[in-house]
*Asks:* 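Here it is: the structure, laid out below.
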Amino acid sequence: MALESSKWVMFIVCWLFKNVSSNSVAQKIYVELNNTVPCVRLLNATHQIGCQSSISGDTGVIHVLESEADLEWPLSKGPNPPYMVLLESSLFTKSIMMKMKNASSRVAGVVVVPKTSPPEFSPHTTCPNENTGVYTETYDHNLAHCNTTVWNPRGNGLSYEEFDFPVFSLKEDNETEVIKQCYFDHNRVVNGSGLQYPLCAMQLFSHMYAVTDTATCMRRGSIDFSTSPVMVCNPLGDYNVCAFIRPYNSTAFGHKENESVVVAAARLDSRAFFLQDSTGAEGSVSGFVTLLAAAQALREATQEAPPTRNILFAFFHGEVFDYIGSSRMVYDMKNNKFVIDLDNVHSILEIGQVAVRSGTNLFLHSDPVSRRNNTIHDEVTNLVKNLQSSTAGLNFSFVETGFSQPLPPSSFQRFLRARAIPGIFLADHQTAFNNRYYESFYDDAAHLNLTYPSNLSPEEQLEFVTDTAKSLTEVATAVARALFKQAGGNNSQVNNINADPKTVTQMLYGFLVRSNNSWFQALMAPELKDVLQPNPPQYYVGVAKLPHQANALTYLVQYLLANLTGTATNLTQSQCKKPDELPNESTYMYSYFWVQGMVPPNSTQRESFCVRTAVRLAKAVSPAFDLGDYVSKEYSTWTESQWTFIKARIFLVASRDLEMLTLGVGVAVLFTSLLVTYFVSTKADVLFSAVREPNNGAY
């Protein structure tokens, strides 16, 4: 009986332990921070940049930095290193970060709290993409490395530094207050008095797998230790969005006889120190929204009176990282992997940063080297005339910059690197950028003065035409008219070409305030509705996706361009999915998108329909990865490291003496338990033997 009882006791104890969740203990110890954005590691052919934690995470006592002079405590005076430094955005500067980097043995990590915007801040370099543009020592050594014009003089290069500790950004005000309250309650030094335990600490997890450079991490990822090799880094990339006003057969690559094409281009992506915080309001959104509006303005005119030349609308992705998208298109054109080749390109008009004007002028930049050729010079002069004459009746002018000045950083440079092509880069700056927040998380809606009356609902804000929208509408009108002229369109049609301010203001709201709005919902496919969020989309290009998978920004631009330039058909949903089964429909010439449509008044059902469009996605991954040339000097080699998980949490940490005491008691209990277990084991036959009853005698 005693043995049976002990079995039941052990069973009950094991069952109780099995059903006690370890999470409940962790919840009593840790406060998880769920709205954080990490700085991650990127690599290229020569080095690595970004941040990472140790494999088990980095832990430090929290110190709230209140001024630069306050750095003395975590870097030298504080008695409890390492420290986890919490600072507001006004103190997130290159000088402060480098001081902490140089004293990394006392700094466990940094947490940034974005608050008010500083007067200026650009963590990018002063000469963006300087090694992969057209201005090399062989092209013109006087123009190489921004020798004549420093385009981003505010750039401090912080985004291209490497930190051996984690750096996180906090997105939630409530979590910030919890951390600060924990600091004030436990860590803050008052009148120089010593700190009293327990102290408030933080732990950050952001361990990165990749190290050294792209060649190293790609080689390690290719080593087949199992049937499923683990990639330690992935190439950056996504898709370019393209559309011709007259489509070509999508399966017929290479040169098109007697075809001349004007390329109208803009870039999609942006970046920031914290990649997921990229917004690019002025850096990229102002340009591609202008081009989308121009494409819509040209729709009717090009259908009623088609110009002699074709027009290609090209939205390049990954341009921040050494022109990934444009270099891929040029590579494909050179190798007969695109529907036209470079010989078909007549001229190029690229839209850059156009929303922060310092006056009434926008500036026309061209390449002084290619213009030494008289033919190129004459074509550029003609394009300039077409642009300048297109501003008649508008509230701004196009002004040509001096011939001695090179092109700003632009996708156009990648075409010039392949061959001399006439072209213009349109921007709001004559020399250095007007953008005070180039490639930073401050380049947002507020930077473009995109403000709305406080009494408006989200739907009313969507319809509210801001001053910024009015300004960009005029630019889009001028661009559309100039493209029509450049393509050989009939001059009698030019004055009928006008961009729609309502469309522009809706696009600005969707791309910079809230992508999950009624207009974007109506234009998207039902299966893509989850890409719409109550905030702007992410502008960081991200890692290359699987075939037929793109990021949210790419899908948004793809479907917007399809709806703005395509044709609504009467096809049913099933016909829209398989249009080749119908006469007069062809997936070789067109794409077919089934979109949700609007919800009519007094109804709950959407009026969905099928759009026939010439919009296509084209691969935007650097050719270096197709060629296996991971040390390429010709193409982008940027990759992003893989990681296991990203996590941040705070907790109270006891003094070292108390920790050692706890450890000592634990060890004593352990050895005592072992001794008791040993004693019980050796005496088990005595302690647990059943008392045998004497046999009954037989009488």
*Asks:* Would you confirm whether Asp444, through its side chain, and His447, through its main-chain N or O, come within 3.5 Å as a donor-acceptor pair?
*Replies:*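 Yes, because the side chain of Asp444 sits within donor-acceptor range (under 3.5 Å) of the backbone of His447.
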*Asks:* Counting neighbours of CD1 on Ile55 that are heavy atoms of other residues, nucleotides or ligands and sit closer than 6.0 Å, is the number greater than 12?
*Replies:*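 Counting neighbours around CD1 of Ile55, 12 or fewer heavy atoms of other residues, nucleotides or ligands fall under 6.0 Å, so no.
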*Asks:* Is the shortest side-chain heavy-atom distance between Asn234 and Thr639 below 4.5 Å?
*Replies:*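 Side chain of Asn234 against side chain of Thr639, heavy atoms only: no contact under 4.5 Å found.
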*Asks:* CZ of Arg41 to SG of Cys217: how many Å apart, nearest 0.5 Å?
*Replies:*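 The CZ atom of Arg41 sits 10.5 Å away from the SG atom of Cys217.
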*Asks:* Answer yes or no: is there an ion pair linking Glu66 with Arg188, defined by an N-O contact shorter than 4.0 Å?
*Replies:*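 Looking at Glu66 and Arg188, the cut-off is met.
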*Asks:* Do Phe433 and Gln353 touch side chain to side chain, with heavy atoms closer than 4.5 Å?
*Replies:*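 Answer yes - side chains close enough.
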*Asks:* Stepwise, does the side-chain hydrogen bond (donor to acceptor under 3.5 Å, both in side chains) test hold for Asn129 with Thr132?
*Replies:* CA-CA 6 Å; Asn129 289 355; Thr132 47; 4.7 Å; no
*Asks:* Any side-chain heavy atom of Pro81 within less than 4.5 Å of one from Ser105?
*Replies:*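 No - every pair of side-chain heavy atoms lies 4.5 Å or more apart.
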*Asks:* Answer yes or no: is there a donor N or O on one side and an acceptor on the other, between the side chain of Thr176 and the main chain of Glu172, under 3.5 Å?
*Replies:*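 Looks like yes, one N/O pair under 3.5 Å.
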*Asks:* Regarding Arg271 and the six-membered ring of Tyr540, is the cationic atom NZ or CZ under 6.0 Å from the ring centre and inside 45° of its axis?
*Replies:*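 Verdict for Tyr540: no cation-pi partner in Arg271.
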*Asks:* Around atom CE of Met660, are there more than 12 heavy atoms from other residues, nucleotides or ligands closer than 6.0 Å?
*Replies:*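 Counting neighbours around CE of Met660, 12 or fewer heavy atoms of other residues, nucleotides or ligands fall under 6.0 Å, so no.
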*Asks:* Looking only at side chains, do Thr554 and Asn551 share a donor and an acceptor under 3.5 Å apart?
*Replies:*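 Looking only at side-chain atoms, Asn551 and Thr554 do form a donor-acceptor pair, the distance falling under 3.5 Å.
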*Asks:* Quick one: pull up CG in Asp213 and CD in Gln48 and give me the separation to the nearest 0.5 Å.
*Replies:*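 Going from the CG atom of Asp213 to the CD atom of Gln48 covers 8.5 Å.
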*Asks:* Measure the spacing between OG1 of Thr212 and CZ of Arg219 and express it to the nearest 0.5 Å.
*Replies:*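 CZ of Arg219 is found 8.5 Å from OG1 of Thr212.
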*Asks:* Salt bridge check, Glu162 against Lys101: does any charged N sit closer than 4.0 Å to a carboxylate O?
*Replies:*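 Salt bridge between Lys101 and Glu162, a charged N being under 4.0 Å from a carboxylate O: no.
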*Asks:* Whether the side chain of Ser515 engages the backbone of Pro537 through a donor-acceptor N/O pair (distance < 3.5 Å, no angle test) should be reported.
*Replies:*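 A pair under 3.5 Å: no.
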*Asks:* Examine distances only and state if a side-chain atom of Thr149 and a backbone atom of Cys146 form a donor-acceptor pair shorter than 3.5 Å.
*Replies:*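 Here the side-chain-to-backbone pair does not exist.
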*Asks:* Roughly how far apart are Leu71 CG and Leu87 CG, rounded to 0.5 Å?
*Replies:*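 Here the interatomic distance stands at 8.5 Å.
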*Asks:* For residues Tyr442 and Pro118, determine if any side-chain heavy atom of one lies less than 4.5 Å from a side-chain heavy atom of the other.
*Replies:*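 A side-chain contact exists here, since the closest heavy-atom pair is under 4.5 Å.
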*Asks:* Does a side-chain heavy-atom distance below 4.5 Å link Val113 with Leu86?
*Replies:*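 Contact flag for Val113/Leu86 side chains = yes.
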*Asks:* Flag the pair Leu33 / Ile179 as yes when at least one side-chain heavy-atom distance between them is below 4.5 Å, and no otherwise.
*Replies:*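 Contact flag for Leu33/Ile179 side chains = yes.
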*Asks:* With no hydrogens and no angle check, just 3.5 Å: does a side-chain donor-acceptor pair link Asn44 and Thr214?
*Replies:*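 On atom types as modelled, these side chains do not qualify, holding no pair under 3.5 Å.
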*Asks:* Between Glu319 and Gly325, is there a donor-acceptor pair closer than 3.5 Å when you use the side chain of the first and the backbone of the second?
*Replies:*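 Flag set: sc Glu319 to bb Gly325 pair under 3.5 Å.
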*Asks:* Would you say Asn187's side chain and Ile62's backbone share a donor-acceptor pair under 3.5 angstrom?
*Replies:*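 A pair under 3.5 Å: yes.
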*Asks:* We want to know whether Tyr209 and Thr644 form a side-chain donor-acceptor pair, criterion being a heavy-atom distance below 3.5 angstrom.
*Replies:*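 On atom types as modelled, these side chains qualify, holding a pair under 3.5 Å.
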*Asks:* I'd like to know if Glu161 and Lys94 make a salt bridge, using a cut-off of under 4.0 Å between side-chain N and carboxylate O.
*Replies:*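 Yes, this pair counts.
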*Asks:* Start with the C-alpha gap between Glu72 and Lys99, add the side-chain angles, then the distance that decides, and say whether salt bridge (charged side-chain N to carboxylate O under 4.0 Å, His left out) holds.
*Replies:* CA-CA 10 Å; Glu72 189 179 15; Lys99 287 178 182 178; over 6 Å; no
*Asks:* Do Arg436 and Asp443 meet the salt-bridge criterion of a basic N to acidic O distance under 4.0 Å?
*Replies:*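 Not counted as a salt bridge, because no side-chain N and carboxylate O are separated by less than 4.0 Å.
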*Asks:* Mark yes when over 12 heavy atoms from residues, nucleotides or ligands other than Phe645 sit less than 6.0 Å from its CZ; otherwise mark no.
*Replies:*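 Above 12, so yes.
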*Asks:* Could you check if a side-chain atom of Asn131 sits within less than 4.5 angstrom of a side-chain atom of Lys633, using non-hydrogen atoms only?
*Replies:*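 A side-chain contact under 4.5 Å is absent here.
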*Asks:* Which salt bridge (charged side-chain N to carboxylate O under 4.0 Å, His left out) pairs, counting each pair once, include a residue from residues 116-127, with sequence neighbours left out?
*Replies:*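 Output for this query lists Glu120-Arg154.
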*Asks:* Assess whether a salt bridge exists between Arg328 and Asp626, defined as any Lys/Arg side-chain N lying under 4.0 Å from an Asp/Glu carboxylate O.
*Replies:*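 Salt bridge flag = yes for Asp626 with Arg328.
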*Asks:* Does CZ belonging to Phe184 count more than 12 external heavy atoms closer than 6.0 Å?
*Replies:*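 Yes, the 6.0 Å shell around CZ holds more than 12 heavy atoms from other groups.
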*Asks:* Would you mind reporting whether Val320 and Glu439 have side-chain heavy atoms less than 4.5 Å apart?
*Replies:*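 Sidechains of Val320 and Glu439: in contact.
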*Asks:* Are side-chain N/O atoms of His429 and Asn435 paired as donor and acceptor at under 3.5 Å?
*Replies:*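 No, no side-chain donor-acceptor contact under 3.5 Å.
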*Asks:* Working note: Glu634 + Arg414, criterion salt bridge (charged side-chain N to carboxylate O under 4.0 Å, His left out); need CA distance, chi angles, decisive distance, verdict.
*Replies:* CA-CA 10 Å; Glu634 176 69 17; Arg414 290 302 303 193; 3.5 Å; yes
*Asks:* Counting N and O atoms only, with roles assigned by atom type, does the side chain of Gln52 sit under 3.5 Å from a partner on the main chain of Met208, one being a donor and the other an acceptor?
*Replies:*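 Checking the backbone N and O of Met208 against the side chain of Gln52, a donor-acceptor pair under 3.5 Å is found.
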*Asks:* Restricting to pairs with a member in residues 642-671, which pass disulfide bond (SG atoms under 2.5 Å apart), not counting sequence neighbours?
*Replies:*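 Listed once each, the pairs would be none.
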